[in-house]
Amino acid sequence: MRSKPDIPYSNQVFVRRVVVTGLGAITPLGVGVPDLWRGLLEGRCGIRELTGEEFTGLPVRAAGTVPVDPAGLLPRPQARRMNRAAQFGVLAAREAWRDAGFDGSGTEASGLSPDRVGVSVGAILGDASVLVGGDRRLRDKGPRAVSPLTTPMTVPSQAASQISLALRITGEARTVTSACASGTEAIGQAIDRIRYGHVDVVLAGGAEAVVTPAIMASFAAMRALSTRPAGELPSRPFARDRDGFVNGEGAGFLVLESEEHARARGARVYCEAAGWGLSADAHHMAAPDPSGTGVALALRRALRDAGGGPADVIHVNAHATATIDGDLAEANALRAVLGAAPVPVTALKGHLGHLQGAAGGVEAVATALTLHHGMIPPTIGCAEGGQDEGIDLDVVWGVPRPLPGHGDLALSNSFGFGGHNAVLALRRV
């Protein structure tokens, strides 16, 4: 039997380095990355009381809502054809695009081949209110009252398609749905698409708008939400008296591109998108595995993919939703992987609430800014009860803290219902 011929060098896979060159965000702290970063450093809370009539009677009415109507920031004909999550997504993606030094008109005006650029968006539902509203009009006024835009505005992929339309991106427009890990997984998939030469540039992140009465009532029925009012810092990651998460909305995007592409055009580089890791708990449809073994696997895979180890980690942006079991499982996993060495950890859901599929995108933006500026935002919401004794982590409280001088990797964690675990590893440059 003849032996297999050697594979020629020209057919071997060449793996490219990926860097972050642009950032965009619309969050409960405001419109744009400057509002987000300033609010995080100042320890401000964007969680508000829901005052609309449709929320009357709900057992929980605190949520992390964006303080402006996104439709008012877009041309009216475009806004009318987008659901709220897509509006968030287009605004954040456009900011990231311009921040990367590209022309706001899109790919061709930026001198890019549209088919070498992609979009990768994480979303759980996108915007649940469109389908609910269509169903209500059907019951109240009959089928003729249902808008023909109901279906295209309901699908979770609407944000990806609208970003593609807005910037004339034809390479690919993908949507990732893996519960609260969606945004982080979307960024990870984008890293690989660039690494292996499928595209050169990707707008990657997450967009979500699920602060609706039915979603709020469902989370409350699960006893997953904090019952504190907005004025009492209801989201308290890692705190002894935490009692649940706070539902939120928004969008966060990064412009990722191959290093040679970025260098060739003289782009400013925030950090390297060095690696990512996935795993599944296979434990419960909603509760995390209390051992943290699934989370630990994703952490180890992210480090290995980045070509690093525990000693290289200088910061962790934790998922930390302020649920009792979830925070403890994540802390156990971090200790198991990183060991006893104190690594500064911060959690942003005290500022923002839990942005669901968008959480990973916004928290990746914050992690990139942390590396770029050398400053770790504080965790808020723990002043009263103190840190849980079972959470043996070096949590950054109260005021920002400078990044350690040694090491170069920061991890951004996202974990979702059903045991979806995703970890992003960014490297300081």
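Quick note: numbers below take in every heavy atom, side chains included, and nothing from hydrogens, waters or symmetry partners.
Put simply, the side chain of R94 never gets that close to the backbone of G24: no donor and acceptor are under 3.5 Å apart. Between the side chain of T346 and the main chain of P377, a donor-acceptor pair closer than 3.5 Å is present. Counting only distance, with no hydrogens or angles, the side chain of T321 and the backbone of F245 share no donor-acceptor pair below 3.5 Å. In terms of modelled atom types and a separation under 3.5 Å, the side chain of Q356 and the main chain of E249 share no donor-acceptor contact. Between the side chain of E330 and the backbone N or O of V295, no donor-acceptor pair lies under 3.5 Å.
Between A366 and L348 the shortest heavy-atom distance is CB-CD1, 3.4 Å. Between T370 and L403 the shortest heavy-atom distance is O-CD1, 3.4 Å. Nearest approach of H351 to L40, heavy atoms of both residues: NE2-O, 3.4 Å. For the pair V121 and A186, the tightest heavy-atom approach, listed with the atom from each and the gap, is C-CB, 3.7 Å. Taking both residues in full, the closest heavy atoms of V60 and A220 are given as CG2-CB, 4.2 Å, listed atom of the first, atom of the second, then distance.
A side-chain donor from one of S279 and N421 sits under 3.5 Å from a side-chain acceptor of the other. Of the N and O atoms on the side chains of T177 and S182, not one donor lies less than 3.5 Å from an acceptor on the other residue.
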Trace of the side-chain contact (heavy atoms from CB on, under 4.5 Å) decision for V19 with V429: CA-CA 9 Å; V19 295; V429 297; 5.6 Å; no
H261 and L112: CA distance, side-chain angles, deciding distance, side-chain contact (heavy atoms from CB on, under 4.5 Å) verdict: CA-CA 11 Å; H261 190 277; L112 301 173; 3.7 Å; yes
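For residues 26-83, every residue pair satisfying the ring-ring contact (aromatic ring centres under 6.0 Å, His included) rule, not counting sequence neighbours, is listed here: W37-H373. The salt bridge (charged side-chain N to carboxylate O under 4.0 Å, His left out) contacts involving residues 251-267 comprise R16-E260, R17-E259, E257-R265, E259-R263, where partners must be two or more places apart or lie in separate chains.
With respect to D127 and R84, no salt bridge is recorded, no charged nitrogen being found less than 4.0 Å from a carboxylate O. Between K349 and D327 there is no salt bridge, since none of the side-chain N atoms of the basic residue sits less than 4.0 Å from a carboxylate O of the acidic one.
Partners of E185 under the side chain to side chain donor-acceptor pair (under 3.5 Å) rule, at least two apart in sequence or in another chain, are S178, Q189. E54 meets the salt bridge (Lys or Arg N to Asp or Glu O under 4.0 Å) test with no other residue; sequence neighbours excluded. Looking at residues two or more places apart in sequence or on another chain, you find a salt bridge (Lys or Arg N to Asp or Glu O under 4.0 Å) between R193 and E172. Taking the side chain to side chain donor-acceptor pair (under 3.5 Å) definition, one finds that W97 meets it with nothing, sequence neighbours left out.
The environment of CZ in R44 is crowded: more than 12 heavy-atom neighbours from other residues, nucleotides or ligands sit within 6.0 Å.
Put simply, CZ on R81 and CD on Q162 are 9.5 Å apart, with the number rounded to the nearest 0.5 Å.
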